[in-house]
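Heads up: the structure comes next, in structure tokens.
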There are 2 protein chains.
Amino acid sequence: MSEVTKPGGMRAIARDAVRARISEVAVDLFDEQGFDNVTVEQIAAAVGVSPRSVHRYFPAKEDTVIGDPAGWGEHVRDQLASRPSEEPIWDALLASYEALLLSPSRNEAQGRKAMRVLGSTPALRARNLEKHLLWARLLTPIVAERLEGNYRELRAEAIVQASLACFDIALTAWAEADAVESSVELLRRSFGALQPTA
Amino acid sequence: MSEVTKPGGMRAIARDAVRARISEVAVDLFDEQGFDNVTVEQIAAAVGVSPRSVHRYFPAKEDTVIGDPAGWGEHVRDQLASRPSEEPIWDALLASYEALLLSPSRNEAQGRKAMRVLGSTPALRARNLEKHLLWARLLTPIVAERLEGNYRELRAEAIVQASLACFDIALTAWAEADAVESSVELLRRSFGALQPTA
DNA sequence: CCTGATCTGTCTGTCTCTGACACTTGTGGC
DNA sequence: GCCACAAGTGTCAGAGACAGACAGATCAGG
């Protein structure tokens, strides 16, 4: 990830900063006025750039809230791959998601607000689930490797998608105003719902 | 559902027929040329109506493939509600989805083609997941009623979403060209993946 | 200071989707 | 059979998201 600032890395830093700024402003506006009632033009004006530039940073308006799906997905994949192969698959998945939630670069307040906005609009909910499909493609091969018996692929997909659903539910519940539990605790509870025997 | 053709029902019949026709033509075009390479104008021309009318029947282009989510969702909900309350929740959910798959009004070939198109484009996958969210809102209260203990709501959501993931995985696998199993069989297998003990 | 890569703004265009209005066509009452 | 009314449709106009093209600005490295 961080390689002592690659040559010419100054521009990359600036780019990331602008990107983050646009995302922040956009989420704030969505939170105040609703996703559909805010145009890209308004976001651009609030940030101080042209609408065209906003689209250069984010191919779709929804992406200003979702962020970069691939990066975090690979993070989870790497976590899962580094788990011992004897570990029960559900435990390994749970641990991988937990590692993501405990990742330091996540801002608490901003994350919660983004989650709240995310749950407020069908279009955003859908995009978010699309992100999960991307993650699923990364995780399924690893899970399939650790299964035995027939229909490994199909079963692996079911397990991965179910776990992602738990992940999403936990984060959604966490974003609610009255949630006092930590996100990790909620994650464990939702995982537990699928394993009455454990 | 069918009430011997309500007074003024002739128009409703015509409406449904046009609706089905647009959907059929659209799916065919998408299958041939790709979802993004077909404009609403082309679909309208192929059917013989104005583009405005296509949007009157389907609020979004994606809906020509997805169909009417609410209708089928209510179908599943009613099935689930009519299940005996002692039945294990996973069995009840499985039976409800099976009833939907065995519903007579589903055309085999057309359904498979729609499923294939559906998996080919991010925008369509997203809409499909949105449909699942709608279903989840219908099913979760019923499931929550049948649970005991704490965190009923959270656990019900996890169970419902996981089961929907299984449903989706089964249908996706079924749409694959080399799938020989019936959709019901695939559904049972994906359900089984989450219950190693059963 | 110069050169080339990168970023940005502006212009232009396409496509989806919506509202408003007028026109046509069935439906049901008389 | 005729007529008023509702429903469906086409045409027009417009907002908004996004992409391509191009010119100018900016900044790294020689």
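To find a chain, count down the sequence lines: A is the first, B the second, and so on, and within it residues start at 1.
Ring geometry for A/F167 against A/W135 counts as tilted: the plane angle lies between 30° and 60°, on a 0 to 90° scale.
A straight line from CZ of A/F35 to C1' of D/dG16 spans 12 Å, rounded to a whole angstrom. With rounding to whole Å, B/R21 atom CZ is found 15 Å from D/dT9 atom P. Whole-Å rounding puts the A/I13 CD1 to C/dC7 C1' distance at 16 Å. If you measure from atom CZ of B/R11 to atom C1' of C/dT24, you get 10 Å, rounded to the nearest angstrom. Rounded to whole Å, atom C1' of D/dA7 lies 15 Å from atom CG of B/D16. Atom CD in A/Q42 sits roughly 14 Å away from atom P in D/dA15 (whole-Å rounding). To the nearest angstrom, P of C/dT27 lies 15 Å from CZ of B/R15. As rounded to whole Å, 18 Å separates atom P of D/dA7 from atom CZ of B/R19.
Taking a 4.0 Å limit (strictly below) on heavy-atom distances, residues 53-62 of chain B reaches DNA chain D at B/S53, B/R56, B/Y57.
Between B/S82 and B/D78, every side-chain heavy-atom pair lies at or beyond the 4.5 Å cut-off. Contact check for A/W174 versus A/E181: no side-chain heavy atoms found under the 4.5 Å cut-off. Contact check for A/L138 versus A/V76: no side-chain heavy atoms found under the 4.5 Å cut-off.
Listed nucleotides: C/dT16, C/dT10, C/dT27. Nearest to the side chain of A/S50: C/dT10.
Remark: the B/R189 side chain and the A/Y151 side chain contain an N/O donor-acceptor pair separated by less than 3.5 Å.
Here the side chain of A/S190 pairs a donor or acceptor atom with the backbone of A/L187 at under 3.5 angstrom.
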Indicate every side-chain donor-acceptor pair of residues 155-162 of chain A with a distance under 3.5 Å to a residue at least two apart or in another chain.
unit_1	atom_1	unit_2	atom_2	d
A/R155	NH1	A/E148	O	2.8
A/R155	NH1	A/N150	O	2.7
A/R155	NH2	A/E148	O	3.1

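A/V49 comes within 4.0 angstrom of sugar-phosphate atoms only, judged by non-hydrogen atoms across all strands, and of no base. Residue contacts shown for A/V38 are limited to sugar-phosphate atoms, with no base heavy atom under 4.0 Å away.
The base of D/dG20 sits with one of its N or O atoms less than 3.5 Å from a complementary donor or acceptor on the side chain of A/R52.
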